[in-house]
Amino acid sequence: MTDRHFFVICTWFWGGWGFWGFLLLGTGRAEESRFVFEKAEMGLPFRIALYAQGPSQAKAAADAAFARIEELNAVFSDYDPDSELSRLSRSSGQGRAVPLGADLWRVLEQAQLLAEKTEGAFDVTVGPLVNLWRRVRRKRELPGAALLEEMRARVGYKSLRLDPVTRSAELAAPEMRLDAGAIAKGYAVDEALAVLDRLGVHRALVGGSGDMAASDPPPGQEGWRIEVPAIDAPGAPPPQVVLLARRAIATSGDHFQHVEIDGVRYSHIVDPRTGMGLVGQSVVTVVARNCATADSLATAVSVLGPQKGVALVEGTPGAAVRWVGLRGRDMESASSRLWPEIAGPAGDR
Ligand code: AMP
Ligand code: MG
């Protein structure tokens, strides 16, 4: 073997390893396997599917993501009297502003923007009415007019005053109660995905019941396959499959939480403007750039209905919606122009 041959072989050998080393270190994605973890958080089953180089990396990342969700539950839970949200609610009507932690600030700021856009159809101060309708579901008895009025008087996004300079909030009416149930779960999903990303896990899907967010797709695929649930009624369109990548998806519907009284079905989602649980069954699915947005929009569209709801989503960059519902006995559906191509960045225009 001549010196020249030796040089060529060495270049090939080291060059080859340099190339594979780049793939291993540079993208961190060589020979990744799929791992799935499940845990109950926020009173719901949370699921994380991810690709990692081995079980120890996968478990460490999933544990950290679940820990972040648990941390957020301590901020947003409306069942826990010691959560930051519950403590803030107890300050209502006292004429004082309460400084907020970073997570609560971000979620309330986003919630208030949507409340303004929807003129109060989406409203995180809806707590007193949500509690009222929880009692209605338990007792199967509609609320009297006086009680409904009393609870309605405690609700109103304009009485939640945020101060961006001090990052504090004041609840200006007495007996207010915040309920972040329509946005905090989505935010927790986003935060869990961000934790995975920071720990080097870039192909992941995080889901808390109907709310999911994905980073990069599984190797060789365009996206994570998500089955969008169909409405639970005769004549419903079949479930749709959406391929999700670097996007979030959320579904709102009353499948599990509703009550039927005198032949009318009332949802757990409340119209803050009337105080009533929504009637007319619907399932709303929103795809958006993050899960806090998808989650909150899905609830907002449920309240607004198909016409105003689709317009709201079409005005939100990177978002798309499908609405399926019953009007009387008729099944109707509506979707935004970009549904469902927008499920990945390729469809984002
Ligand atoms: P989701 O399942 O995401 O649609 O959220 C439903 C939850 O949001 C309910 O269980 C309530 O806690 C809360 N909620 C109900 N009605 C509203 C509303 N109009 N605006 C904001 N949150 C609501
Ligand atoms: Mg929601």
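When a ligand or atom number is given, it counts from 1 through the structure's own listing order.
Selection from V270, V124, L304 by nearest heavy atom to atom 18 (C) of ligand 1 gives V270.
In this model, no donor atom of one side chain and acceptor atom of the other lie less than 3.5 Å apart for S296 and T299. Inspection of the S302 and S282 side chains reveals no N or O donor paired with an N or O acceptor under 3.5 Å.
At least one heavy atom of P272 sits closer than 4.0 Å to an atom of ligand 1. Ligand 1 lies within reach of A121, whose nearest heavy atom is under 4.0 Å from it.
Counting all heavy atoms, side chain and backbone alike, L244 lies closest to M212 at CD2-O, 4.3 Å. Taking each heavy atom of W105 and L100 in turn, the nearest pair found is CE3-CD1, 3.9 Å.
Heavy-atom proximity to V126, at under 4.0 Å, picks out these atoms of ligand 1: 14 (N), 17 (C), 22 (N), 23 (C). Of all atoms in ligand 1, listed by their number and element, those nearer than 4.0 Å to a heavy atom of F122 are 20 (N), 21 (C). Applying the 4.0 Å criterion to heavy atoms of D295 picks out, from ligand 1, the atoms 3 (O).
Judged purely by atom type and a 3.5 angstrom limit, W224 uses its side chain to pair as donor or acceptor with the backbone of D216. No side-chain donor-acceptor contact under 3.5 Å links E227 to the backbone of Q240.
For D190, the salt bridge (Lys or Arg N to Asp or Glu O under 4.0 Å) criterion is met by no residue, not counting sequence neighbours.
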Could you please spell out the steps behind the salt bridge (charged side-chain N to carboxylate O under 4.0 Å, His left out) verdict for R96 and E170?
CA-CA 6 Å; R96 65 186 173 97; E170 185 190 336; over 6 Å; no

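Under 4.0 angstrom from ligand 1, the non-hydrogen atoms of V130 all belong to its side chain.
Annotation: atom 11 (C) of ligand 1 to nearest protein heavy atom, D179 OD2, 3.5 Å.
At least one side-chain heavy atom of Y51 sits under 4.5 Å from a side-chain heavy atom of P218. Contact annotation: the side chain of L312 approaches that of K117 to within less than 4.5 Å [non-hydrogen atoms, C-beta and beyond].
Listed by chain and number, the protein atoms of type N/O/S under 2.8 Å from the Mg ion (ligand 2) are D295 O, D295 OD1, T299 OG1; waters are omitted.
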